[in-house]
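Report on one structure; see the data block that follows.
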Amino acid sequence: MGSRNAKILIALVVLCVVGGGVYVAVAATGPSGTDTDQQPVATDVLDQADLLVRAVDPKQPTLNGGVFEVDDGKVHRGGDLSCERVYYAAGHGICMGVAASGVDYIATVFNERMEGGEHTIPLQGLPSRARVSEDGRYGAMTVFVTGDSYLESSTAFSTRTYVVDMATGKVVNQLEQFSVTKDGKPFDAVDFNFWGMTFDPTDSDRFYATLGTGDHHYLVEGSISGEEMKVLRDGVECPSLSPDGKQIAYKSRLGHSNRWHIRVLDVATLKDHAVAETRSVDDQAEWLNDKTLAYSDGTNVYTVPADGSGEEQLLVKDASSPVRLEEPLIGT
Amino acid sequence: MYQVEASKALLKPRLWFRRPESLRVSRNVVMLGMTSMLTDISSEMVATILPIYLVFSLGASPLALGAIDGTYRGAAAVVQVASGFMSDRFRRHKQVAEAGYGFSALGKVALVAAGNSIGGIGAIVAFDRIGKGIRTAPRDALISLSSTRDNLATSFGVHRALDSVGAFLGPLVAFGILLVAPARFDAVFFVSALFAFLGLAVLVLTVQGKPWRAPREETTPPSVKRAAGLLRESKFVLLLVAALILSLTSVSDAMIYVGLQRKIDFDPAVFPLLYVITAVAFMALAIPIGRLADRIGRVPVLIGGFAMLFVDYAALMSDHIGYAGLILCLVALGAYFACSEGVLTAVAGAALPDDLQASGIGILITVVSIGNLVSSVAFGALWVTLGLQQAVIVFAAGLALALLIAAPLLVRSQRSAPLHG
């Protein structure tokens, strides 16, 4: 290397260090944006319902949105919770979102006063589904994990589903560690992915979830203490048990597409039927009561009768992640 | 130049045996290593944040990225055979490598300018992959041509060590920036572009395009026919067959990580640490393993490196392993990478004529990547049908057989090698 080239290189290094430093310094003092100030808008469709929702900015639906209570057609902001996916039951809530850095994901456990921060759980990927058992004992979180770049591991994407002890705010297990049986025989494959847990309302140790492998999306039924699951049937994603535990609302994939219709399954007979919503929905539906479903299309929350009658109606505009509340939290 | 000083420090022997003068590597190799390190910092910065950026800022499905990446990996494999031959044909290894690094740098600049669309990101990932496909064969040929028979594997070890330092630092730099400037992805893209640009500048300004072993201008450049003739040259074919059967019976690291995860009940948050430990082992072992290969012979070290996989296979076959066992597995995996990555290329470099280095290395890389792909698909299928334990037994038996066959083939490929030094 000639000394001329060496000088040029040193000059370039200095230039890059200064240029990069200035750019980062300016960025550091400039505005950051992981949250949106958008407010959801309630409609008067179902004024007896009491809900928690997460606000959605229609322009940037993946920013953390504030958590709001929608009660009697009124919208209340409680606390400063802000996230992408929320769930709550019996004094224990989970709020999963992007961390302040913008590169990590984090879940915050919150209480009945909607105060979070005492327990946070770092997440390994993009928040997808959240559930809390009826008695507030267990929480379930599903995240999308995208390929880790070290040494070019080729895993394109996978899901992880964690079981959280809501009292301590700690992850106590993950479904990937459970054993699975199908037709009474052990069942295992490298491409196993689990998502969308829902808890039995009468026994929080029992749950349903989706097991994806190859082209199949199995409904599995399992036990947290037994660390086991068994396959019930194919073609069921993101199951959601009704409050009486008799029906499962789920999304049914249309062919091999990434489009889904909501259907409802009878737990005893495993027979199912469609609901009136004809658009594609990618959500784990929520039961407002034993007859009515609520779900989000990503920007608004809709409701539809579970028995296949009637038609869908707009429930909350600019919101997602609906959660049925048994009693008002802040709207009293 | 302070880089040279820094790199010399890296080369300071921590080894117990006396270091002969011939084990020093040429400055060209160190500079190519610096180029790779800077480029890898740049690429890994983006790779670390790209998934979340796509989803967070652009609202894309996580599936999109996997599809984008898979498509272009195939394209890169085809490009590298062609770029290897072109650099031999026109004796422009450095210029072809520059084009490859330039492609990637250009992609990063485009990311700063127009990173706000899925199509744009797709194009940039394509640029990066194609750039990698273009540069690998001529760069490895330059490393080989800048080395002697006595330090060939050490040269590749030095290069791979610097390269993996970059892969290790990239995510740290990205996270560092986002720590002071939360959610400012544009700042990460900007700094990434600067690193890519500096990497290219080091290559252009400091790497000697005609190292001492480079074929003389007055000799006839190799024709397509002569390059294709490599596939009829028994020594090189023996090497390709050995590399193919070894790659076919090696389980990919991604599969090993998934398997290990099933054997140990560790906190899921610790999972990324598996990659870190393996990467650190790779980084630390690349140079000592290269030196060892030059000292006691490249073939035994290469065979030993693949045999390291048995440690991981044994762990996957056992019912339960503790943390100590896990760390042993990861270090073995790092050692396997250090051997298979650098030493294999050194073995090829020693078996190839000087005027066909890039063509031969291009063919070798393509054969190995096809082997790895088939192995991944086959292992996944066996896991589903037979279960993890049986799948590993099949692969372990296959690897044992492959090593028995490959060892004599590799030895013969090195016999009276055309490399003069």
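Just so you know, these numbers come straight off a predicted model, no measurement behind them. Labels below follow one simple rule: chain letters A, B, ... track the order of the sequence lines, proteins then strands, and each chain is numbered from 1.
In this structure, B:Val191 and A:Val24 have side chains that are in contact, with non-hydrogen atoms separated by less than 4.5 Å. Looking at B:Phe197 and A:Leu12, their side chains come closer than 4.5 Å, going by heavy atoms from C-beta outward.
Options B:Leu388, B:Leu179, B:Asp186, B:Ile177 differ in how many heavy-atom pairs under 4.5 Å they form with chain A, and the most are formed by B:Asp186.
Partner of B:Leu198 under the side chain to side chain contact (heavy atoms under 4.5 Å, CB included) criterion, out of A:Val13, A:Val17, A:Leu15: A:Val13 alone.
Within 6.0 Å of the CG atom in A:Asp234, the count of heavy atoms belonging to other residues, nucleotides or ligands exceeds 12. More than 12 heavy atoms of other residues, nucleotides or ligands sit less than 6.0 Å from atom NZ of B:Lys210.
Across every non-hydrogen atom of A:Ala27 and B:Ala187, the tightest pair is CB-CB, 4.0 Å. Closest approach of B:Leu205 and A:Ile8 over heavy atoms only: CD1-CG2, 3.7 Å. Closest approach of B:Val180 and A:Ala28 over heavy atoms only: O-CB, 3.3 Å.
Rounding to the nearest 0.5 Å gives a distance of 6.5 Å between CG of A:Leu9 and OG1 of B:Thr206.
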